[in-house]
Amino acid sequence: MQFEPRDQFEQRQKKLQQIQALGHDAYPREFRWTDTAAALVEQYGQTPGAELEANRREVRVAGRIVSLRLMGKAGFAHLQGSGKRIQVYLKKDVVGERGFELFHLLDLGDSIGVRGHLFRTKTNELSIWVEELFFLSKALLPLPEKWHGLTDVELRYRQRYLDLIANEKARQVFVTRARIIQELRQFFDGRGYIEVETPMMHPIPGGAAARPFITHHNTLDIDLYLRIAPELYLKRLTVGGFDRVYEINRNFRNEGISTQHNPEFTMLEFYEAYSNYRDLMDMNEKLFALLAKKITGSTTVKYGETELDFSKMQRLSMREAIVKYWPPEAGLPPTLEGLAAPGGAHEATKRYNAWAKQSGAPYAAAKGTLTDGEWTGLLFEAVAEDKLIQPTILYDFPTDISPLSKQKPEDPTLTERFEIYVAGMEVANGFSELNDPAEQERRFLAQMAQGGDEMPKQLDLDYIRALCHGMPPTAGEGIGIDRLTMLLTDSQSIRDVILFPLLRPEGGGESSSASEAHGA
RNA sequence: AGGGGCGUAGCUCAGUGGUAGAGCAGCGGCCUUUUAAGCCGAAGGUCGUGGGUUCGAUCCCCACCGCCCCUACCA
């Protein structure tokens, strides 16, 4: 075992031996504390020193040493516990020879416990007058720099534990993330939902269009797929009579990494029998406003340069969004009727692309021949998606790109599906669930016929069979927890809301081309 | 995958075609109310890796590795 910086590592090992020589356990088993640093700062932050002297408050507090100022026969340190710091003051004639010797052997990063009482220093800082010092654990490696903290983003992600110690904001993001999930559970539990866990290893990947990760089960000798969505299992449960279910857990998609994408990400997915997509839209408006209010204190939330207003949501059909956000420089916008007509979306896309290519705007790149619905979806993404900054419910998706959604009775080319966009990001996707087994089979087979990495290769017959047992009319939705957390914590990258985002493994770097180059 | 940027002490960062610098952390010493404690002293580096140009490269060029950003795939 050797880690950089080696000299400090060895130095601290030596100190640990000296601490043992003083009669302390190198790795003690417990410390009985009465208060956390955070609670004391909260409770006594304003209490005057005279009052602290008059009613002596005895405390036992544990924490990590994050600052250390040793002055001859006395010293100060800050202990960090539950995210907050409290100062401790220690002098030789109070803690005694042995206690003070131990104090001398402490380093930044060590865990200690103290017994003492609260007081205020000359500069009026709330502090603990230490009467007894307890050694709890040695940090063999140094903390990040005390003033700037840890700013190297790579180190912040790879060694998140250091980020959490050094950067209060980072800690706060993950506390908020936990609160968001708690609020969501409360919301759905309060509406009669039950929380379930469905398989994360699937024999047939399904429920979304995405490339799966493949793994293998040895005893059964079968390949399994890390799930790309829990959808098909959750709907089996609505068949089984769980009329309101939700699951909060990971999905895995073998695709690119970006500020908005991590290969494993957390989704809340929920299904509600006897409701349709309009019911969910209404529910979402309430949910997002409630969450913003509970988490940030206001329905208006700062995100980067903008203010997001969750008190209301704009509603647009996909075609309306194309018309609304069509850039005037690209000529007259298409009409709703034009987009609905056969070939209309393709024609509009060609006009848009002609302008986009010469102006440098993102254009709608298609591979292969597309259906009207696919052109519509593509055109929407190019024209409108990144313009949807304020919370927007986008609805009525083409059937061609919505294989699990129920069609609109008056127009089978469209489905009862919506997505919620905020800050240009898709954060939710919901629909009236297709529960006609014959139609579902047709759609699955059409997907398979279309081919491609992200399309199902195999028909999920058991799912069709489940539908044949009858699924009540049901509305379902998925909400991306990571992106939602980004919005409510003002985080610009998904890596800032995932504790351990996927990075290339450290120290690898022995690619075959590199070793060939070395050999040549 | 393509384009752009970055990589110097443990951390945060300067810097130059001529043998490498600061602050913090660490080490030795002084200091019993300090707080980015202070003062004195010593130490710490294959300047991401490998090639090339050059009398000489941390600096210029190329390749590779890693990270970040944008685009593409996707949620």
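Letters go in sequence order (proteins before strands), and every chain restarts at 1.
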- Message: Can you list everything that forms a salt bridge (charged side-chain N to carboxylate O under 4.0 Å, His left out) with A:Glu58? Sequence neighbours excluded, please.
- Response: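 Checked A:Glu58 against salt bridge (charged side-chain N to carboxylate O under 4.0 Å, His left out); zero matches.
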For nucleotides 67-71 of chain B, give me every protein contact, N/O to N/O, under 3.5 Å, one pair per line with atom names.
unit_1, atom_1, unit_2, atom_2, d
B:C67, OP1, A:Arg504, N, 2.8
B:C67, OP2, A:Arg504, NE, 3.2
B:C67, O4', A:Glu154, OE1, 3.0
B:C68, OP1, A:Arg495, NE, 3.2
B:C69, OP2, A:Arg495, NH1, 2.9

List in chain and number order the residues that pass side-chain hydrogen bond (donor to acceptor under 3.5 Å, both in side chains) with [X], two or more places apart in sequence or in another chain; answer none if no residue qualifies.
{"X": "A:Tyr463", "result": "A:Lys235"}
{"X": "A:Thr198", "result": "A:Arg227, A:Glu247"}
{"X": "A:Asn249", "result": "none"}
{"X": "A:Asp163", "result": "A:Arg156, A:Arg160, A:Asn167"}

- Task: Would you sort out whether A:Phe380 and A:Tyr421 count as a ring-ring contact (aromatic ring centres under 6.0 Å, His included), showing the intermediate values?
- Result: CA-CA 12 Å; A:Phe380 159 75; A:Tyr421 285 85; 5.5 Å; yes
All N/O pairs under 3.5 Å across the protein-nucleotides 21-24 of chain B interface:
unit_1, atom_1, unit_2, atom_2, d
B:G23, N2, A:Glu145, OE2, 3.3

- Item | Qualifying salt bridge (charged side-chain N to carboxylate O under 4.0 Å, His left out) pairs with a residue from residues 64-86 of chain A, counting only residues at least two apart or across chains |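 For residues 64-86 of chain A: none.
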- Task: Provide the full list of salt bridge (charged side-chain N to carboxylate O under 4.0 Å, His left out) pairs with a residue in residues 381-392 of chain A, sequence neighbours left out, each pair given once.
- Result: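 Passing the test, one end in residues 381-392 of chain A: no pairs.
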- Query: Counting any heavy atom closer than 4.0 Å, what does A:Glu419 reach on the DNA or RNA strands: base, sugar-phosphate only, or nothing?
  - Reply: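 No contact.
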- Name the nucleic acid region contacted by A:Asn262, choosing base, sugar-phosphate or nothing; use a 4.0 angstrom heavy-atom cut-off, strictly under.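 Touches a base.
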- Query: Are the charged groups of A:Arg115 and A:Glu131 less than 4.0 angstrom apart, N to O?
  - Reply: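 Salt bridge between A:Arg115 and A:Glu131, a charged N being under 4.0 Å from a carboxylate O: yes.
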- With A:His202, the ring pair (Phe, Tyr, Trp, His ring centres under 6.0 Å) member among A:Phe252, A:Tyr225, A:Tyr233: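 Per the ring pair (Phe, Tyr, Trp, His ring centres under 6.0 Å) rule, the option paired with A:His202 is A:Tyr233, out of A:Phe252, A:Tyr225, A:Tyr233.
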Where do N or O atoms of nucleotides 2-9 of chain B meet protein N or O atoms at under 3.5 Å, pair by pair?
none

- Query: Looking at RNA chain B, which of residues 75-84 of chain A put a heavy atom within less than 4.0 Å of it?
  - Reply: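 Residues of residues 75-84 of chain A under 4.0 Å from RNA chain B: A:Phe76, A:His78.
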- C1' spacing across the pair B:A43 / B:C55, given as an integer number of angstrom: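 Each nucleotide's C1' atom is 34 Å from the other's.
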- Query: Considering only side-chain heavy atoms of A:Glu426, which listed nucleotide, B:A25, B:A75, B:U33, is closest?
  - Reply: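 Of the candidates, B:A75 comes closest.
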- Task: Counting heavy atoms from C-beta on, name the nucleotide in B:C11, B:U33, B:A75 closest to the side chain of A:Leu155.
- Result: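 Nearest listed nucleotide: B:C11.
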Give me the distances for all protein-to-nucleotides 26-31 of chain B N/O pairs that come in under 3.5 Å?
unit_1, atom_1, unit_2, atom_2, d
B:G26, O4', A:Gln8, OE1, 3.4
B:C27, OP1, A:Lys15, NZ, 2.4
B:C31, N3, A:Gly72, N, 3.4
B:C31, N4, A:Gly72, N, 3.4

- Message: Distance check, rounded to the nearest 0.5 Å: A:Gln80 atom CD versus A:Ile86 atom CD1?
- Response: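 Spacing of CD (A:Gln80) from CD1 (A:Ile86) equals 12.5 Å.
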